[in-house]
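Reading through the structure tokens given below for one structure.
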2 protein chains.
Amino acid sequence: MSGTPRRDHAHATLKRRIVEAAYLPGHRLVERDLAEELDLSRIPLREALRQLAAEGLVVTVPGKGTIVAPVTPDDVRDLFDVREALEGLAARLAAERATDEGRARLRECVERARDVRGAEQINARADFHDELVALSGNALLADVLGGISARVRRLFHLTGDRDAEVQCAEHEALYEAIAVGDGVRAAELGVRHVTGGRAETIAAAEAWTGVDPEEATRTRRRRRAG
Amino acid sequence: MSGTPRRDHAHATLKRRIVEAAYLPGHRLVERDLAEELDLSRIPLREALRQLAAEGLVVTVPGKGTIVAPVTPDDVRDLFDVREALEGLAARLAAERATDEGRARLRECVERARDVRGAEQINARADFHDELVALSGNALLADVLGGISARVRRLFHLTGDRDAEVQCAEHEALYEAIAVGDGVRAAELGVRHVTGGRAETIAAAEAWTGVDPEEATRTRRRRRAG
DNA sequence: GCCAGAATAACGGTATACCGTTAACTTCGG
DNA sequence: CCGAAGTTAACGGTATACCGTTATTCTGGC
């Protein structure tokens with residue numbers, strides 16, 4: 001055993017490709033092809049696919065196959081509804097339970113995001129969210145929001161992100177509310193921070209053509225060489 | 001292929017056993033033993049375990065093994081925090097989006113729960129929640145709450161359920177708020193309905209001895225016959 | 001040229017078998 | 001009798017191989 005199971009490597013690799021939109025919604029995932037490319041057998045690959053399916057990043061039609069999960073405007077609306085509720089909860093709990101060290105770490109995230117640009121800032125902002133959820137001290141919430149944030153990051157890769165300046169300002173306000181322990185205000189700001197990206201992301205989703213999983217997983221024969 | 005994959009059967013069977021507390025927290029799940037008992041190979045069984053792990057019902061230590069997920073008092077607190085947020089959201093959305101047929105189905109659930117007793121009532125009450133979430137029209141919410149409600153049902157099997165009369169009354173009030181489309185009140189009642197069971201369930205969880213997954217997945221040798 | 005039926009490729013589902021690691025049991029020297 | 005080294009059972013990780021279903025392509029008759 002080389003430390004981490006090959007299954008975890010496959011899972012991480014495919015997840016990255018899906019989140020970063022290298023694989024678009026509806027993209028067919030053929031087990032034998034992927035196994036060959038990732039240089040492993042189908043067994044660990046299939047286990048990775050099961051995990052991705054549980055995270056909602058792929059859809060498996062029993063006996064047919066697996067595709068990258070399609071995204072409809074309704075899916076996006078649903079995602080924002082749930083995010084609002086959970087980010088609000090996370091912000092409130094963080095305000096109520098944050099320790100001094102936690103507050104310091106969160107402040108660092110705010111400042112780092114302000115100082116950098118581009119992809120680095122996207123990561124810094126993601127760190128802020130991770131830190132905030134960690135501060136909430138709720139492992140289940142961290143888990144659920146982690147899965148959801150993967151979907152959100154995918155959306156942003158598919159549609160483009162919101163104005164960075166605005167988001168940084170919102171993070172700063174959120175930090176302030178948490179720092180002074182104002183749970184109600186933190187929750188409100190957390191909800192609004194989510195709501196901000198809502199309309200434009202749903203609108204962007206209108207453009208995507210729907211994918212029928214049944215149809216997308218049809219057996220297709222490769223064109224013959226000679 | 002006999003219609004549904006054997007993996008799904010294994011997943012459903014194990015899930016039932018865990019939720020109904022036939023397998024207690026910390027119970028070791030040995031792949032070869034389960035595969036033999038369920039009369040399938042380890043391949044579909046392992047895939048079922050991956051799904052259960054993603055649902056948080058089992059914990060897998062890489063290279064060591066899998067146990068039924070332990071439950072700490074903090075886990076229970078976390079669960080109720082998240083449930084409050086999501087049941088509140090579900091109730092609000094249901095009130096805002098419910099159709100006449102949906103309202104009718106929900107009312108049926110309320111009445112059926114009032115008319116039956118015992119295990120049948122527990123099922124009827126679960127149906128009410130399922131129907132309510134369905135009414136919310138949010139597939140992601142239904143998915144997340146579905147996973148969470150499995151954990152909650154497990155807790156109730158481990159600790160015992162709350163007073164049935166009270167819960168039916170709360171369901172009825174919730175139904176009324178949804179029927180008249182009062183989202184704010186529905187959300188409030190939904191949250192309170194969750195909060196009701198909170199303290200006593202957390203208290204009950206204090207009794208459970210913690211399980212260290214690392215330690216619980218140690219390779220053990222079976223006692224020899226002769 | 002067109003359609004029915006046969007041949008076959010594609011691909012998911014699953015059994016079998018082997019490997020490596022870990023820990024329990026055994027054995028042997030002191 | 002005890003502790004160290006050797007032996008083997010237990011068990012998760014994974015490769016290989018086969019099966020069955022589905023759909024494409026081929027083929028012969030009209």
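Quick note on labels: first sequence line is chain A, next is B, and so on, each numbered from 1.
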[X] [atom1] - [N] [atom2] separation (whole Å):
X     : N      : atom1 : atom2 : value
B/R32 : C/dC18 : CZ    : P     : 12 Å
B/L34 : C/dA15 : CG    : P     : 14 Å
B/I43 : C/dG12 : CD1   : P     : 16 Å
B/R50 : D/dG12 : CZ    : P     : 11 Å
A/D33 : C/dC11 : CG    : P     : 6 Å
B/R46 : C/dA15 : CZ    : P     : 14 Å
B/R28 : D/dA10 : CZ    : C1'   : 9 Å
A/E36 : C/dC11 : CD    : P     : 12 Å

Between [options], which nucleotide has the shortest distance from any of its atoms to the side chain of [X]?
X      : options                : result
B/E31  : D/dG12, C/dA15, C/dT14 : D/dG12
A/R218 : D/dT24, C/dA15, C/dA23 : D/dT24
B/S41  : D/dT14, C/dT14, C/dA10 : C/dT14
B/R6   : C/dG13, D/dC11, C/dA15 : C/dA15
B/E47  : C/dT14, D/dT14, D/dT22 : C/dT14

Quick one: ring pair (Phe, Tyr, Trp, His ring centres under 6.0 Å) pairs with a partner in residues 21-50 of chain A, sequence neighbours left out?
-> A/Y23-A/H27

Test: [X] and [Y] ion pair at under 4.0 Å:
X      : Y      : answer
A/E96  : A/R92  : yes
A/D130 : A/R105 : no
B/E31  : B/R46  : yes

Pick base, sugar-phosphate or nothing for [X], based on heavy-atom distances below 4.0 Å to the nucleic acid.
X      : answer
A/R220 : sugar-phosphate
A/R7   : sugar-phosphate
A/L29  : sugar-phosphate

Let me know, please, whether A/K64 or A/D39 comes out on the 5' side of the other along DNA chain D by nearest nucleotide.
-> A/D39

If each of A/T60 and A/T219 is mapped to the nucleotide of DNA chain C with the nearest heavy atom, which maps nearer the 5' terminus, i.e. the 5' end?
-> A/T219

Does the cation-pi check pass for A/R125 over A/F128, that is, NZ or CZ under 6.0 Å from the six-membered ring centre and within 45° of its axis?
-> no

Please confirm whether B/R153 makes a cation-pi placement over B/F156, using NZ or CZ under 6.0 Å from the six-membered ring centre and within 45° of the ring normal.
-> no

With B/E215 as reference, evaluate B/K64, B/R220, B/R28 under the salt bridge (Lys or Arg N to Asp or Glu O under 4.0 Å) test and give the passing residue.
-> B/R220

Would you tabulate the nitrogen or oxygen pairs shorter than 3.5 Å linking the protein to nucleotides 2-7 of chain D?
none

State whether the number of non-hydrogen atoms from other residues, nucleotides or ligands found under 6.0 Å of A/E36 atom CD is greater than 12.
-> no

